[in-house]
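Here is the naming used below: chain letters follow the sequence lines, and residue numbers restart at 1 for every chain. All values reported here derive from a predicted model rather than from experimental measurement.
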There are 2 protein chains.
Amino acid sequence: MSLNEDLQAIVYHFGEMASRWGFNRTVGQMLGLIVLTEEPLSAEQIGQSLNISRGNISMAAKELQSWQLIRVHREPGDRKDYYVANGSIWELAQQVMSERSKREINPTLSLMRTQLMTSENDDSRLPAYSKQQIQQVHDLLELFTLWFADVQNMKQEHIKALMKMGAGVGKVLELKDKLIPR
Amino acid sequence: MSLNEDLQAIVYHFGEMASRWGFNRTVGQMLGLIVLTEEPLSAEQIGQSLNISRGNISMAAKELQSWQLIRVHREPGDRKDYYVANGSIWELAQQVMSERSKREINPTLSLMRTQLMTSENDDSRLPAYSKQQIQQVHDLLELFTLWFADVQNMKQEHIKALMKMGAGVGKVLELKDKLIPR
DNA sequence: TTAATGTTTCAGTAATTTCTGAAAGTTTAG
DNA sequence: CTAAACTTTCAGAAATTACTGAAACATTAA
């Protein structure tokens, strides 16, 4: 199963970017391959395309399933697992954002929340300046969390609307300023 | 230079989260320490607080400067470098987002752009389905890039406005739907 | 059942990333 | 200039992360 040259370039690029996106090379390559391929792919096919071991494929598939980015498709009368992308590009992106928000933001948010609580009325715990800074980070992370939660509920149509608007949050805010009398 | 216990907990937490945020443990710890400390810190003080080698501090400082998250402060009549956070929490967050967008999105965006161009009128290059999917990813990444650029231009006041609104993009879009007659 | 056809696990190995500390480099007071 | 006070670099060591492949496990057709 040798890959189309251009496709291979993108798949390998996904592999290289993977560590920046929060997973390892194999997971990145497999995600690329599965997302860009119309047909469901068996572990065997994936192994031939990417030259990786059976065990590695199994672990990467598990990881991609834990991110809910792929799912298993089965053909009647065939015991093999075939992997497919778990939705549209937009749905996959939502999934990645949600998962990354969970892993990159939530733990810090809860630690800070706890510390701000316990040091609330106890000046002996944190220096005032540190407390202020922690509060600032906390509030910002909370805002991001709200945004991400919001993005979860955005449908494709909303995305298209945003795309047509040409710019983002700032423009929308200006709009709001103009439209809402104060 | 031993650290306040609560502060230490956060600083170490920053170290643990660092790899998820795109840097290594030392860089994460140093960022935490510098951001939460009011006084400019020398390499020596940092070394004592975090128990890391001189070389490691130097490399981490370089990394943080390349992200524009810290800058060097010098006292007259003192040859030491003292490190300080390069702005408010919001400015630092903007910086991180901008840098991550550069590292996580731009390379993929340009590869895809190039491939979509060269395969535009050449059906022999990419399967139609792959081309579609690549286009979708490309468009979404472009939208993210626009959003991030927008965030660059948002001032603290805008952020506060957004925080007061309680939710994010979705609500603003609903607002727009209601206010703009079609 | 059972044998064939798969998948998963995991111990050991390989690859990659990070850290140390000594040597080289830089800056400035005198 | 020179020497003291710092900072940076970088080769090798340590720590971490990822990968392989063989053995264990699971499923199903006959």
Side-chain angles (χ1 to χ4, degrees), chain A residues 1 11-34 40-67 70-84 103-104, chain B residues 1 11-34 40-67 70-84 103-104:
Chain A
M1 187 71 38
V11 167
Y12 284 169
H13 174 86
F14 269 55
E16 283 162 29
M17 297 302 287
S19 65
R20 301 194 166 169
W21 295 341
F23 19 78
N24 69 34
R25 184 176 21 179
T26 303
V27 173
Q29 290 181 349
M30 263 180 65
L31 179 62
L33 187 61
I34 293 169
L41 292 171
S42 68
E44 197 186 14
Q45 289 173 303
I46 292 170
Q48 284 170 346
S49 296
L50 303 180
N51 277 295
I52 52 185
S53 74
R54 203 60 197 66
N56 200 5
I57 294 171
S58 173
M59 288 188 297
K62 209 173 144 196
E63 175 78 358
L64 283 168
Q65 281 172 304
S66 89
W67 284 69
I70 64 172
R71 64 189 145 75
V72 174
H73 169 93
R74 301 199 83 137
E75 290 288 330
D78 183 346
R79 293 196 205 161
K80 282 204 188 74
D81 283 356
Y82 291 89
Y83 300 108
V84 254
R103 299 178 186 207
E104 295 176 13
Chain B
M1 188 72 36
V11 167
Y12 284 170
H13 174 86
F14 269 55
E16 282 163 29
M17 296 302 285
S19 64
R20 298 191 169 171
W21 296 341
F23 19 79
N24 68 36
R25 183 176 25 178
T26 302
V27 172
Q29 289 181 350
M30 265 181 62
L31 179 61
L33 187 61
I34 291 168
L41 292 172
S42 69
E44 197 186 12
Q45 290 173 302
I46 292 170
Q48 282 168 351
S49 296
L50 305 179
N51 278 296
I52 52 183
S53 74
R54 202 61 195 67
N56 201 4
I57 294 170
S58 173
M59 287 186 299
K62 209 174 146 195
E63 175 79 358
L64 284 168
Q65 282 173 302
S66 89
W67 284 70
I70 66 173
R71 64 188 146 75
V72 175
H73 168 94
R74 301 201 83 139
E75 289 288 330
D78 183 344
R79 294 198 202 160
K80 281 204 189 75
D81 284 356
Y82 291 89
Y83 300 107
V84 254
R103 299 177 187 210
E104 296 176 13

Item to check | First of A/Q65 and A/S19 reached from the 5' end of DNA chain C, by closest nucleotide | outcome: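 The residue closer to the strand's 5' end, by nearest nucleotide, is A/Q65.
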Is any side-chain N or O of [X] closer than 4.0 Å to OP1 or OP2 of [N]?
| X | N | value |
| --- | --- | --- |
| B/N24 | C/dT17 | no |
| B/T26 | C/dT18 | no |
| B/K62 | D/dT7 | no |

Length of the line joining [X]:[atom1] and [N]:[atom2], which is rounded to integer Å:
| X | N | atom1 | atom2 | answer |
| --- | --- | --- | --- | --- |
| B/R20 | D/dT17 | CZ | P | 10 Å |
| A/E16 | C/dT17 | CD | P | 11 Å |
| A/L64 | D/dA18 | CG | P | 13 Å |
| B/M30 | D/dT7 | CE | P | 11 Å |
| A/I57 | D/dT20 | CD1 | P | 9 Å |
| B/M59 | C/dT17 | CE | C1' | 11 Å |
| A/R54 | D/dT20 | CZ | P | 12 Å |
| B/N56 | D/dA14 | CG | C1' | 12 Å |

Checklist entry - So which nucleotide from C/dT9, C/dT20, D/dT7 ends up closest to the side chain of B/S53? => result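 Selected nucleotide (nearest to the side chain): C/dT20.
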Next on the checklist: Checking A/Y82 against A/V72 for the side chain to side chain contact (heavy atoms under 4.5 Å, CB included) test, could you report, in this order, the C-alpha distance in whole Å, the side-chain angles of both residues, the deciding distance, and whether it holds?
Outcome noted: CA-CA 5 Å; A/Y82 291 89; A/V72 174; over 6 Å; no
Next on the checklist: Can you confirm whether B/R79 sits close enough to B/R74 that some side-chain heavy atom of one is under 4.5 Å from a side-chain heavy atom of the other?
Outcome noted: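 The answer is yes; the side chains approach within 4.5 Å.
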Next on the checklist: For a 4.5 angstrom cut-off between non-hydrogen side-chain atoms, does A/L50 reach A/T26?
Outcome noted: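 Counting from C-beta outward, A/L50 and A/T26 never come under 4.5 Å.
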Checklist entry - Can you tell me how far CD of B/Q29 sits from CG of B/N56, rounded to the nearest 0.5 angstrom? => result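 Rounded to the nearest 0.5 Å, the CG-CD separation comes out at 9.0 Å.
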Next on the checklist: Taking donor-acceptor contacts at under 3.5 Å, does the side chain of B/R79 reach the base of C/dA29?
Outcome noted: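 No such pair is found, so the answer is no.
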Next on the checklist: Between B/L41 and B/M30, is the side chain to side chain contact (heavy atoms under 4.5 Å, CB included) condition met? List the steps.
Outcome noted: CA-CA 10 Å; B/L41 292 172; B/M30 265 181 62; over 6 Å; no
Next on the checklist: By nearest heavy atom, map A/N51 and A/R74 onto DNA chain D; which one lands nearer the 5' end?
Outcome noted: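 Per heavy-atom nearest nucleotide, the more 5' residue is A/N51.
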